[in-house]
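Notes follow once the structure below has been shown.
Scope of the values below: all heavy atoms of this structure, side chains included, with no hydrogens, waters or symmetry mates.
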Amino acid sequence: MEHKLEERWDHATNELIEKLEKHNIDFSQLNAIELFGRDGTWQTKIFSKKVKNIEIWEVDPYWKSKLEKNFPNSKIAIQDSIDVLNIEKNLPKFDLILIDNPMNVYRKLNGENMYCEHFDIIQNINKISQDESLVIFNVNRKPFDYIQYPLWEKRRNEFYQRNDTDNMEISFLINFYEKKFDIFGFKTIFNENVVRVICNGDNMTYYFAYKLKKY
């Protein structure tokens, strides 16, 4: 089946920023981090113009020179974000945590283990968050060609604790993440979401934003 994708990358980012500013979020005062940087030409370039400063982590050294060129005043770290958060202590703290996570499962550079979406990273955001922080990440409500990726389906079903995660309700997801962050030691002050990708006329991928406060 051919899939018609409508990608709203820049539009969705600006739409989300507008929504957050209505909550009196002053981006110019925020120290930010992007945990999946690539070359920074997607959401990172937009947020970097709004925030006080931004640090960028990217696992693939291929993107290092491009990141340094695109963000000459930012700290660039070529490292596995998930590994660092799992292992390291005394990490710097940020007011804005950007998780531009890929979809599906993906492999570490050394070929071990399989990560999935943002599932392996949000459990450790307390290590890099201030007492109050804004966390923004991608959520796939309705993946396509799901049957071709059984491991992805398995990881999603386990994470969301459902037998079927190929067409999830936004109301379920909003409540799910509020409860998940509560387990991780955060109270949700407010949340927002906007559509990032439309597939075959259906809203598929969303930006989710949660303003969190540590208990």
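Here the CG atom belonging to L151 is positioned 5.5 Å from the CE atom belonging to M114, to the nearest 0.5 angstrom. Distance check: E117 CD to I122 CD1 gives 10.5 Å after rounding to the nearest 0.5 Å.
Contact annotation: the side chain of T13 approaches that of F47 to within less than 4.5 Å [non-hydrogen atoms, C-beta and beyond]. Between R38 and E58, some side-chain heavy-atom pair lies under the 4.5 Å cut-off. Considering only heavy atoms from C-beta on, F94 stays 4.5 Å or farther from Q130 through its side chain. Proximity of I33 to W57: side-chain heavy atoms (C-beta onward) are separated by under 4.5 Å at one or more points. A 4.5 Å side-chain heavy-atom check between E6 and V197 finds every atom pair outside the cut-off. Inter-residue side-chain proximity for Y206 and R196 is flagged as unmet; no heavy-atom pair is nearer than 4.5 Å. Annotation: side chain of N14 is in contact with side chain of I46 (closest heavy-atom distance under 4.5 Å). Between L91 and L85 the shortest side-chain heavy-atom distance falls below 4.5 Å.
Y62 and D39 are not linked by any side-chain donor-acceptor pair at a separation below 3.5 angstrom, with hydrogens and angles left out of the test. Under the 3.5 Å distance criterion, with hydrogens and angles disregarded, no donor-acceptor pair is assigned to the side chains of N157 and D164. With no hydrogens or angles considered, no side-chain donor-acceptor pair links R141 and N203 at under 3.5 Å. In summary, the side chains of Y115 and D80 do present a donor paired with an acceptor at a separation below 3.5 Å, with no hydrogens or angles considered. A donor atom on one side chain and an acceptor atom on the other are found under 3.5 Å apart for Y146 and T165.
Ring-plane geometry between Y160 and F176 is classed as tilted, the angle between the planes lying from 30 to 60 degrees on a 0 to 90 degree scale. Ring-plane geometry between Y210 and F137 is classed as parallel, the angle between the planes falling under 30 degrees on a 0 to 90 degree scale with a further cut at 60.
Under the 4.5 Å side-chain heavy-atom criterion for ILVMFWY residues, a single connected hydrophobic cluster contains both F172 and F119.
Put simply, the side chain of D120 gets close to the backbone of C116: a donor and an acceptor are under 3.5 Å apart. In this structure, the side chain of K214 engages the main chain of N126 through a donor-acceptor pair within 3.5 Å. The main-chain N or O of I198 is never found under 3.5 Å from a side-chain atom of R8 such that the two would form a donor-acceptor pair. The backbone N or O of N31 sits less than 3.5 Å from a side-chain atom of D95, completing a donor-acceptor pair. Of the possible polar contacts, none joining the N140 side chain to the T205 backbone as a donor-acceptor pair under 3.5 Å is found. Side chain of N200 to backbone of K4: a donor-acceptor contact under 3.5 angstrom is found.
E34 pairs with exactly one of I97, T44, I99 by the side chain to side chain contact (heavy atoms under 4.5 Å, CB included) rule, that one being T44.
Electrostatic pairing of K45 and D10 counts as a salt bridge here, judged by a charged N lying under 4.0 Å from a carboxylate O. Salt-bridge formation is not detected for the pair E178/K211: no Lys NZ or Arg NE/NH1/NH2 atom is positioned less than 4.0 Å from an Asp or Glu carboxylate oxygen. Note on E192 versus K22: no salt bridge recorded, every NZ/NE/NH1/NH2 to OD/OE distance being 4.0 Å or above.
A cation-pi arrangement is absent between K19 and Y207, since the terminal nitrogen or guanidinium carbon is not both under 6.0 Å from the aromatic centre and inside a 45° cone about the axis.
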**Request:** Output, in order, the C-alpha distance, side-chain angles, deciding distance and verdict of side-chain contact (heavy atoms from CB on, under 4.5 Å) for S81 and I121.
**Result:** CA-CA 8 Å; S81 299; I121 206 163; 3.8 Å; yes
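Annotation: F208 is not in aromatic contact with H118 [ring centroid separation under 6.0 Å not met].
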